[in-house]
Structures are given as C-alpha cells and as structure tokens.
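Here's the structure we're looking at; comments come further down.
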Amino acid sequence: MNRSELLASIKKNPSVSVLVVGAGINGIGTFRDLVLNGVDVLIVDRGDFCSGASAASSHMAHGGIRYLENGEFRLVREAVGERNRMIQNAPHLVKPLPTTVPMFKHFSGLLNAPLKFLGWLDKPSERGSVVIKLGLMMYDAYTGKNRIVPRHKFRGRTDSLTRWPRLNSNIVSTAEYFDGLIRNPERLALEILLDGEADGGRALNYVSVVGGEDGHVTLRDELTGAIFNVRPKLVINAAGPWIDAANASLGQSTRFIGGTKGSHLVLNHPELRQAIGDNEFFFENKDGRIVLIFPLFDKVLVGTSDIKIDNPDEVRCTEEEVDYFIGMVSRVFPDIKVGREHIVFRFTGVRPLASSLAKSTAQFSRDHEIQVISGELTGLDYPVYSLVGGKWTSFRAFSEQVADKALNFFSLERKKNTEYLAVGGGRNYPRTPEDEKRLLDRLKAWAGLSELRARTLFDRYGTRAEAMSEFFTHQADAPLKSLPEYSRREIAYLAQNEKVIHLDDLLLRRSMLAMLGQLTRPAVEELAQVAGDALGWSEAQKQAEVMRALELLATRHAVRL
Ligand SMILES: Cc1cc2nc3c(=O)[nH]c(=O)nc-3n(C[C@H](O)[C@H](O)[C@H](O)COP(=O)(O)OP(=O)(O)OC[C@H]3O[C@@H](n4cnc5c(N)ncnc54)[C@H](O)[C@@H]3O)c2cc1C
C-alpha cells in the first residue's frame, strides 16, 4: 500500500489496536514486536523515521561501562547482551568495535565510585586505571558464555606508545576492550520498520499526533495539513524527548523527561583517521565527561556533550562544543592539529532520560521504564504507555518489555520473540567467506555488476542488495555524474522502496551521504532529479526539495557549495 492508499484506508476505518506515537528506535522496536505477535499496529512520526534522538547517537552498541559507577548494573548487563545480539542479528550494520581507553592516572576515581553509588558526589571526575580495570572485569563477566567479542586487556605505557605512536606520551596505560559500532543507525531502524511492515504493520512518516479525547486520537498529515482521527485501544507514546509534549496533546500533563543534549562532529582528517586505525578511543576529560573519537568509514566521529536542556526543539551544536571537541582530540593526540576546516558534518540530539534530581548530568539514569497513564484516570478510553529513557543498544529488550505489557493488556500470549531475529539485510547473511563469495557471484550474474560494485552494495545493504540488484535488471543503470560510487537505479530503489518523502530523508537517513560529507550542490541537484523521477515529482517540487535540503544541510555543515 502506498502512502495515500494507507491514509485512505485509515480514514475509512479508524479503528486500530495500538497506536505508536513516534518512530525512533523504541517506537519502531515495539511496532515490530507487536506486529510479529499478531497485533494490529499503526506507527506515526511527525518527521521522518528515526530522525529524533535515534539519529543523534554516538553509533555505539555498548553496555555502557561507566554506568556501573552509577550502580546501573541491570542496565549494563542487559545492554552487553543486546550489543551481542545486535552484532549477530544485524551483521551488515553492526560490527565489533575495538575500543581503547587511554589513562592518565592509576588511582583517580577509585574513591569516587563508592561515593557516587551513595549519591554523595555531585561532580564526576576522571577515572583511573584501577577503576577501569574493575569495570571491564564486570563487563566481561556480563558477556558470560555468549562471547561474541574478545575479552579486555591492559597495556603498560611503553607497549601502548609502541602500539599507538601518536598517543599523548603522558598516559600511564591503555585498556582495550570490544563494543559494537552501529555504522548507520538510521538504516538499521528503517530496516526494522520495513520488517514490521512486511509482517502487516502500518507505518506513516510525516504524521503528527495533535490531539486526543474520549476514544480517539487526532492526527495531522504534515504534507497536506489534513486532520483525521484514529480510534486506538492502546496508545504507546514513544516520542522520546517529546514525550511530555505528546502527552500534553492528548490532554495529559506529565513531567517524565529530563533530557540532556549531546553533539558530535564528523571530521575529514586522514592523519587522525590513520592514527586511530580501526579503533575507537574512549576516554574521560578531567571532569569525567566521556569523549569518543572513532572511525566512521574513512572519516572520524568525535563526541559527545551531555548538557541539560529544557526544549528539545531548540538544540544545535554550538561553537563552544566545537572548541571543546577539538580540545579533547588534542588531549589524546597532541601533535595532530584539528581545526574547523576538518568538519564535514555536525549533529545534535537530546537523550530522552527520565527527569532526575541528580546533581550532574552524568549521574542521570540511562535506564528505561514504562510510565502508564490508565484510561480511568485520564478520561480517555485508552491507556497511554510512555517509553521513558532507553539506550539505542537496549531497544530490543525494552521493546520486548513494552510488547509483553501490551500483549497482557489484550490478554494475548506471546507467539514469537525477537531475540534471534535477523534484521533486514542481516537475513540469510553469509557467515563464511565461501557463502559471501556465492552471494557476490549471484549479484554479479543477475545484474551484470563488477566485483567492486557487488561488494559495495553488499557492504551498504547486506543481503538487501539482492532485491536491489534484481531491481537493476528492469532498466538500464548508470553511475551518478556527481557521485559515481552511487548509481541511478540504486537511488531510485531507495526512493521507491524505503518510504522516502523528502529529499533529505534520502541524504540524511537512507544513505550516509550527508554524514560522510559527500554532498556538493551539484550532487544534491542530481539526487533530486533521480529520486524525483522515481517518485513522480514535478520540476517545481524537485527545486523545492533541493532548497529545503540545502537549508537543512547548511545547519549541519554538510554541503560543499
Ligand atoms: C547525543 C546522543 C548520543 C547517544 N549515544 C548513544 C550510543 O552511542 N549508544 C546507545 O545505545 N544509545 C545512545 N544514545 C541514546 C539513544 O540514541 C536514545 O536513547 C534512543 O535513540 C531514544 O529513542 P526513542 O525512540 O525513545 O526516541 P527518538 O528517537 O527521539 O524518537 C521519538 C520520535 O517521536 C517523534 N515525535 C515527537 N512528537 C511527536 C508527535 N506529537 N507525533 C508523532 N511523532 C512525534 C519524533 O519525531 C521522533 O522521531 C544517545 C543519545 C544521544 C542524544
């Protein structure tokens, strides 16, 4: 069903068992799980899918070693397990990530940890190697027998400087352990959503919840302004940092969220990229804030900040944050010069954390919870479950908990679970070099692709490259003039099959083009032509999409004009 058919069907029959408000990773995960268990679900997002907090993450599938210090053992144990499952279920998009922690002190933090457990310390501070060692031992223990990634190890100063010659020579040691790198979180979320749709769920981007009373919720189509109602039996509010605002639209006054802002830079810096190799560097500055520097394809991702904010609509990456990040890189790699000229992209988002009275943002809980507003209390005919907090990494477990609660509400038994369920292009993923070669040979044979092109598509889309190459056979293909590593049919496939509404959906979320600084004005124009032709846009619409995209991308530093 295309978008207008879907809208028409909802208007004709507005009844739905579950309405999920917000298609970030938590809404999408819940959508997939409920649909898989036979529930009739509609998910809507006021913007594109995965365009809120879930598009602002540090790209780490991680247990969160530092949350141990806040006593969040349950969360870390759960997240370590989920990290392993993500690597197994979405191997095309989540890869093991060797992580190095440079340490400048042996003992700092040793005293802080118990003080923080007791809530007596309000300022975070840099952890020393002894605290990191204890944390990593627990981290390894949580992986248990299901060892997807190797155990941690420590290196002394000399050994560390031999391994990492550009590292600050003031270090006392380094620790090495493994986490996961989510190469493209936006694609991962979209593929989970498409899986849910393939199983019968209904999903609409650019549709907002704007009101609700008695038995209905009022929605607005953001493309046309049309207002219409749905009649759900249960509402799941997965609006992330906007949860309280979405509840307010439903006439409910809540204060569940106390968000903190985090920003990142993407740098085009071959020298720094070479210095880090394929490793993440994960460390703390002197006041204990986490800094990460890591390889994102041929670029370097640097982040992140953690600043309490009140209005999630007003966040942006400030010049002070840029200065801070640049300073942090030079703390670890002092003889590598980084400047604003290396930035190709910047992005910011708000962590939808539970509102907290903790004295520092680092102590705000990263755990997740379901807040229930029952129908009797509110005068609404349906209860509202608000999904507060939650890491990208632990989305599957959180979604499962929400789905279980919803199934219980409907007195339904769970029939299927998602623990070992492969995602999108991770389905039938080749696990041996022989299987991979067979898949590449098939791609080459079907669509007449070169070895390089078949490999590129497989790297980008996993086994979804098979459906894509089948699509290539229907019409002649050619590389884009402005971006020869992409082809016209590839872009047309994404536009037609991945729920692209605006050009920026394609540039920012279906592909890594914006984030990796690959866009120029001619590229944006050519992409608008190709995607526009695939979607039936008029010339005026293509122009409007180019202007919209350029304006948006300028705020992210993403287009080389
Ligand atoms: C800077 C930063 C770094 C992070 N790094 C990591 C990391 O490395 N690893 C990790 O595991 N986690 C990380 N996280 C945490 C993780 O990204 C978030 O907790 C998670 O993405 C939250 O997802 P969500 O679905 O709850 O919210 P969101 O992704 O924000 O989704 C909410 C959606 O609701 C929509 N919406 C809002 N109002 C309405 C309405 N009225 N009607 C319809 N739709 C509406 C929004 O458009 C949005 O798309 C990070 C978060 C941030 C901000």
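The model shown is predicted, which means the values in this text are computed figures rather than measured ones. All values below were derived from every heavy atom in this structure, side-chain atoms included, with hydrogens, water molecules and symmetry-related copies excluded. As the structure lists them, so they are numbered: ligands from 1, and atoms in each ligand from 1.
In summary, Arg32 and Glu191 do not engage in a salt bridge, as defined by a charged side-chain N under 4.0 Å from a carboxylate O. At a threshold of 4.0 Å, the pair Glu498-Arg187 counts as salt-bridged, since one of the basic side-chain nitrogens sits closer than that to a carboxylate oxygen. With respect to the salt-bridge test (charged N to carboxylate O, under 4.0 angstrom), the residues Arg46 and Asp313 qualify. Between Arg85 and Glu419, at least one side-chain N (NZ, or NE/NH1/NH2) sits under 4.0 Å from a carboxylate O, which counts as a salt bridge. Using a 4.0 Å cut-off between charged side-chain N and carboxylate O, Lys261 and Glu321 make a salt bridge. Residues Asp48 and Arg510 are paired through a salt bridge, judged by an N-O separation under 4.0 Å between the basic side chain and the carboxylate.
Taking the six-membered ring for Trp and thresholds of 30 and 60 degrees, Phe347 and Phe345 have ring planes inclined between 30 and 60 degrees apart. The aromatic rings of Phe282 and Tyr177 sit perpendicular to each other, their planes meeting at more than 60°, with 30° as the lower class boundary.
Close approach of ligand 1 to Ala238 is summarised as follows: ligand atoms under 4.0 Å from at least one heavy atom of the residue are 31 (O), 32 (C), 33 (C), 34 (O). Of all atoms in ligand 1, numbered sequentially from 1 with element shown, those under 4.0 Å from a heavy atom of His59 are 8 (O). Proximity to Gly52 (heavy-atom distance under 4.0 Å) selects the following atoms of ligand 1: 29 (O), 30 (O), 49 (O). Close contacts between ligand 1 and Gly349 involve ligand atoms 53 (C) [criterion: under 4.0 Å to a heavy atom]. The contact set between ligand 1 and Gly22, taken as ligand atoms under 4.0 Å from a residue heavy atom, comprises 33 (C), 34 (O), 35 (C), 44 (N). Taking every non-hydrogen atom of Val207 and a distance limit under 4.0 Å, the qualifying atoms of ligand 1 come out as 43 (C). Those atoms of ligand 1 with a heavy atom of His264 less than 4.0 angstrom away are 1 (C), 3 (C).
Considering backbone and side-chain atoms together, Asn26 places an N or O closer than 3.5 Å to an N or O of ligand 1. The shortest N or O to N or O distance between Ala23 and ligand 1 is not below 3.5 Å. Inclusion of Asp48 in the set of residues having an N or O under 3.5 Å from an N or O of ligand 1 is not warranted. Taking any N or O of Val209, backbone or side chain, at least one lies under 3.5 Å from an N or O belonging to ligand 1. For the pair Met60 and ligand 1, the shortest N or O to N or O distance falls below 3.5 Å.
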For Arg3 and Asp221: C-alpha separation, side-chain torsions, deciding distance, then whether side chain to side chain contact (heavy atoms under 4.5 Å, CB included) applies. CA-CA 11 Å; Arg3 189 172 200 275; Asp221 180 349; 3.3 Å; yes

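Using modelled atom types, no side-chain atom of Ser305 and backbone atom of Ile307 make a donor-acceptor pair closer than 3.5 Å. With hydrogens and angles ignored, the 3.5 Å screen pairs no side-chain donor or acceptor of Asn13 with any backbone N or O of Ser9. Side-chain atoms of Arg273 do not come within 3.5 Å of backbone N or O of Leu267 as any donor-acceptor pair. Between the side chain of Thr99 and the main chain of Phe178, no donor-acceptor pair closer than 3.5 Å is present. With hydrogens and angles disregarded, a donor-acceptor distance shorter than 3.5 Å links the side chain of Thr393 to the backbone of His62.
The nearest non-hydrogen atom to atom 22 (C) of ligand 1, considering only Gly240, Gly24, Pro352, comes from Pro352.
Smallest separation of non-hydrogen atoms from Ala406 and Leu34: CB-CD2, 3.9 Å.
Contact between Ile25 and ligand 1 is present, with at least one heavy atom of the residue lying under 4.0 Å from the ligand. The closest approach between Ser208 and ligand 1 falls below 4.0 Å for a heavy atom of the residue. By the 4.0 Å heavy-atom criterion, Lys261 is excluded from the residues contacting ligand 1.
The single protein non-hydrogen atom nearest to atom 13 (C) of ligand 1 is Lys391 NZ, 3.7 Å, given as residue, atom name and distance. Of all protein heavy atoms, the one lying nearest to atom 45 (C) of ligand 1 is Arg46 CG, 3.7 Å. At the shortest separation from atom 52 (C) of ligand 1 among protein heavy atoms lies Arg351 CG, 3.5 Å. Counting only heavy atoms of the protein, atom 48 (C) of ligand 1 lies nearest to Asp45 OD2, 3.3 Å. Nearest to atom 19 (O) of ligand 1 among the protein's heavy atoms is Gly390 O, 2.4 Å. Of all protein heavy atoms, the one closest to atom 11 (O) of ligand 1 is Thr393 OG1, 2.6 Å. In terms of protein heavy-atom proximity, atom 20 (C) of ligand 1 is nearest to Ser54 OG, 3.8 Å. Residue, atom and distance of the protein heavy atom nearest to atom 2 (C) of ligand 1 are Ala56 O, 3.4 Å.
Residues Lys499 and Leu193 are in side-chain contact: their nearest non-hydrogen atoms beyond the backbone lie under 4.5 Å apart.
Contacts of Trp392 with ligand 1, taken as heavy-atom pairs under 4.0 Å, involve both backbone and side chain. The residue Thr348 has no part lying near ligand 1, judged by heavy-atom distances below 4.0 Å. Neither the backbone nor the side chain of Ile182 has a heavy atom within less than 4.0 Å of ligand 1.
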